[in-house]
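Since this is a predicted model, take the numbers as computed values, not measurements. Residue numbers run from 1 in the order of the sequence given.
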Amino acid sequence: MSRSLRRGALAATAVVFSIASLAACGAGNDAQTLQIKPDNAAAAKGDIEVQNALVITQGQKGEKGPAVVSATVFNNGTKAQTLDGITLPGGKGKVALKPAEGSGKVTVPALGYVVIGGKGNASAVIEDGAATVRDGEVQKVLFQLSSTGGIELEAFVVPATGAFAPFGPTAAPAPAASPSGTPSGTPSGSPSGSPSAGATGAAAGATPSGSATGTPSGSPSRSASH
C-alpha cells in the first residue's frame, strides 16, 4: 500500500472514532452533554456535583420580596441521595426547600440529577431575600446531602431579568389590600338598601287606601237612591 493510501485510511479511522466518542457523550443519565462546565458557580464532592448555582432576586431594583437559589445537582453514584437543606453561611436568611411535587425532601436519583428553580422544578426560596442578598455580590451557599455531606460554593447574586427571569422568585403579595377592601364594601350596601325599600312600599302603597275608600262610598249611595 502506498503512503497516500495509508494516510487516507488513518484519517478515515480518526473521523469514525471522533463520531463514536461524541455519540457516547450524549448517552445515559450521566450524559456529559448535561454536565457542560458553566461560568456560574460549581463544586463537586464524592458522587455529587452542583452546577450553575445562582442566587436570583426580584426583577426590579429595590423591590421587596423573596429571593431564590437556582442550581442543578448531579448524582454520579449508584444510590439515591436526599438534599436535606440549603443554607446561607453566616446566619443569613432562612431557605425553604421544597420538592417539585408533594412534600418532604428533595431526592437526587442515582445516576441522575435534579433541577432547583424554574417552573415545575424543586424550589429553594430565601424568605427575606431583599434584606439578605444584594445584586452583584457573591453569596456563599451550602448544599447539604444525606450521604455526601455539605458542599459549599460561592454563587453570583443576579436579578430575575433576561435569561434568569424564568428561574426567579415570584413577587410577594401586598398585605394591606385584603383587610381594607372586605369590611367597607359588604356592610354599607346591604343594610341601607333592603329595609328602606320594604318599609316605603308597605306604608305608602295603594292597596290599603284603595280598599278602604272604594267600598263604603260606592254601595250605600246606589241603594238609597233606587
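With hydrogens and angles ignored, the 3.5 Å screen pairs a side-chain donor or acceptor of Q81 with a backbone N or O of T148. Side-chain N or O atoms of T107 include none that pairs as donor or acceptor with a backbone N or O of T82 at under 3.5 Å.
Scanning both residues, A44 and E49, for their nearest heavy atoms gives CB-CG, 3.7 Å. Pairing each heavy atom of V68 with each of P169, the nearest pair is CG1-CB, 3.7 Å. Summarising the geometry of G117 relative to S70, their closest heavy-atom pair is CA-OG, 4.4 Å, with the distance given to 0.1 Å. Contact record, A100 with G120: CB-O, 3.5 Å, taken as the closest heavy-atom pair. Here the closest heavy-atom approach between residue L111 and residue N76 is recorded as CD2-O, 3.5 Å. Taking all atoms of both residues into account, the shortest heavy-atom contact from A122 to V106 is CB-CG2, 4.0 Å.
Sequence neighbours left out, not one pair with a member in residues 143-162 passes salt bridge (Lys or Arg N to Asp or Glu O under 4.0 Å). Applying the side chain to side chain donor-acceptor pair (under 3.5 Å) rule to pairs touching residues 114-138 yields T57-D135, sequence neighbours excluded.
Remark: L142 CG to T87 OG1 distance equals 4.0 Å, nearest 0.5 Å. Between I48 atom CD1 and F74 atom CZ the span is 11.0 Å, to the nearest 0.5 Å.
Side-chain atoms of P66 and I126, non-hydrogen and from C-beta on, never get closer than 4.5 Å to each other. Side-chain atoms of L83 and L145, non-hydrogen and from C-beta on, do get closer than 4.5 Å to each other. Between S103 and K98, every side-chain heavy-atom pair lies at or beyond the 4.5 Å cut-off.
One hydrophobic cluster holds both F164 and V138 under the rule that ILVMFWY side chains link at heavy-atom gaps under 4.5 Å.
For V141, the side chain to side chain contact (heavy atoms under 4.5 Å, CB included) partners two or more places apart in sequence, or in a different chain, are V55, V69, I86, L88, Q139, F143, L153, A155. Under the rule for a salt bridge (Lys or Arg N to Asp or Glu O under 4.0 Å), the partners of K105 that lie at least two apart in sequence or sit in another chain are D84.
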